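Each remark here refers to the structure printed beneath this line.
Every heavy atom of this structure was used, including side-chain atoms; hydrogens, water molecules and symmetry mates were not. Computed from a prediction, not measured in an experiment: that's the story for all the values here.
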Amino acid sequence: MVDFTPDPYALKIGSLPIYWYGIAYAVGLFATYQVMVREARRRGLDAGLLADGMIVVAIAALIGGRAYHVIDQWARYQNDPITAILPIQRLPDGSYAFAGFSGLGVYGGLLTGTIAAILFARWKRQPGWRWADVVAPGLFTMQAIGRWGNFFNQELYGPPTNLPWGIAIQCKNRVAAYACPLGSDPNATLGQHFHPLFLYESVSALLGLAFLLWLGRRYSHRLRAGDLLPIFFIWYSVTRFLLEFLRAGYNWTVAGIATAQIAAVLTTLLATAVLIWRHSRPGPSVGEIEAAERAERAKDAEVASDPAVDVAGG
């Protein structure tokens, strides 16, 4: 059992707190960038575009992720909507203080981030489907690391458990379904432990990352450019659908069903349909595309190094 209850603050610079959640997000972005650079170079793409592209996508994902979270947890913000937009909280005396963002909805971030990535690729006139194969492992990397921000915020946990990896949650961070008795010390844990759903998602993402990297290398002769992205969406959606059965405290439901589960089913069906449709049409495999590009680069290098070539063209 894990009895350690973390402080959400990593440090304070004057009156400005630095949250572990933000650090986890920043570390996740850095690791994602490294993975995507390696994949882009391996596939012969211009890795130099990643720096600008990731800034655009990260901002879009933040906006979408925050919007999804606010809708999902609207009961927390309806009486003070400004706290849904700005990283502030209202103090007992009525004033406001910096609080940092305490939640992001993955589906919202994936939606707006994907749209931003598509638009950026079109703007730069890049092969969008080939870049999708670079982005997919990066998404798993971001999720695997970023989810640890939930641990420091003591959020994204499931029902009580006696499993060895159960985590303690302080009374002040409990959702209504697992609230402590009235009068309990806000910092008490009452000896209870809960399923660490953030950890389950993180481990699933690490396994998904390894799978995509292996698949992209082992079966490039059978994959179409862009196949890894719908595979990512299927993997993540199945994981999210299953974990939602353990999650309590969400407010956004349709006919009593968690919206995240509805989104997971629709996403899985759509991603599967995209894979089937693309493979039902003629076209080169990833391996064939990359082999042709390697041959073209070798030919260009041979021409450039041949002293018999008349550079002046005469």
Side-chain angles (χ1 to χ4, degrees), residues 1-12 15-28 65-66 68-70 72-80 83-84 87-93 97-106 143-206 239-240 242-253 258 260-261:
M1 298 287 184
V2 180
D3 290 310
F4 170 69
T5 52
D7 188 329
Y9 303 106
L11 53 93
K12 284 190 176 182
S15 60
L16 179 66
I18 305 299
Y19 287 79
W20 283 112
Y21 192 96
I23 292 176
Y25 195 90
V27 172
R66 185 61 178 173
Y68 186 102
H69 166 76
V70 170
D72 182 39
Q73 301 290 331
W74 180 240
R76 295 173 53 183
Y77 304 102
Q78 60 182 346
N79 295 325
D80 209 355
T83 61
I88 58 177
Q89 62 181 346
R90 186 186 290 273
L91 300 178
D93 62 3
F98 179 80
F101 287 129
S102 61
L104 296 171
V106 174
Q143 185 190 7
I145 298 174
R147 273 305 183 196
W148 282 88
N150 299 122
F151 169 67
F152 290 99
N153 280 352
Q154 294 187 52
E155 57 190 6
L156 194 55
Y157 54 88
T161 180
N162 292 320
L163 292 171
W165 52 83
I167 57 173
I169 300 294
Q170 293 172 309
C171 291
K172 62 184 178 184
N173 295 309
R174 302 279 185 92
V175 295
Y178 311 123
C180 296
L182 291 176
S184 298
D185 181 351
N187 294 315
T189 64
L190 306 183
Q192 294 178 311
H193 298 82
F194 301 83
H195 280 281
L197 300 190
F198 76 89
L199 176 62
Y200 299 162
E201 281 203 31
S202 179
V203 171
S204 174
L206 284 175
T239 299
R240 183 64 182 269
L242 295 175
L243 290 181
E244 281 296 309
F245 286 111
L246 295 175
R247 188 181 175 209
Y250 51 75
N251 299 316
W252 195 8
T253 62
Q261 287 186 312

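- The distance from atom CG of N150 to atom OH of Y157, rounded to the nearest 0.5 Å, is 11.5 Å.
- The two atoms that bring Y21 and N153 nearest to each other are CD1-ND2, 3.1 Å, heavy atoms only.
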Would you check, one step at a time, whether the test side chain to side chain contact (heavy atoms under 4.5 Å, CB included) holds for W20 with Y9? CA-CA 6 Å; W20 283 112; Y9 303 106; 5.9 Å; no
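- From F194, atom CZ reaches atom CG of L163 across 13.5 Å, with rounding to the nearest 0.5 Å.
- H193 is linked by a side-chain contact (heavy atoms from CB on, under 4.5 Å) to M1, D3, A168, counting only residues two or more places apart in sequence or in another chain.
- In this structure, the separation between CG on L246 and OG1 on T161 is 9.5 Å, given to the nearest 0.5 Å.
- To the nearest 0.5 Å, atom OH of residue Y178 and atom CD1 of residue I169 are 11.0 Å apart.
- Not one N or O on the side chain of R247 forms a donor-acceptor pair closer than 3.5 Å with the backbone of R240.
- The closest side-chain heavy-atom distance from H195 to Y200 is below 4.5 Å.
- The heavy-atom pair separating L197 from G158 by the smallest distance is CG-N, 3.5 Å.
- Counting heavy atoms from C-beta on, the side chains of P6 and F4 come closer than 4.5 Å.
- Shortest non-hydrogen contact noted between A179 and R174 is CA-CB, 4.1 Å.
- Closest approach of Q143 and A205 over heavy atoms only: OE1-CB, 3.6 Å.
- Applying the side-chain contact (heavy atoms from CB on, under 4.5 Å) rule to W148 yields the partners F151, F198, L199, S202; only residues at least two apart in sequence or on another chain are considered.
- Sorted by first and then second residue, the salt bridge (Lys or Arg N to Asp or Glu O under 4.0 Å) pairs with a member in residues 178-205 read R147-E201; sequence neighbours excluded.
- Between atom SG of residue C171 and atom CD of residue Q154 there is a gap of 10.0 Å, rounded to the nearest 0.5 Å.
- Annotation: the span from Q170 atom CD to N187 atom CG amounts to 5.0 Å, rounded to 0.5 Å.
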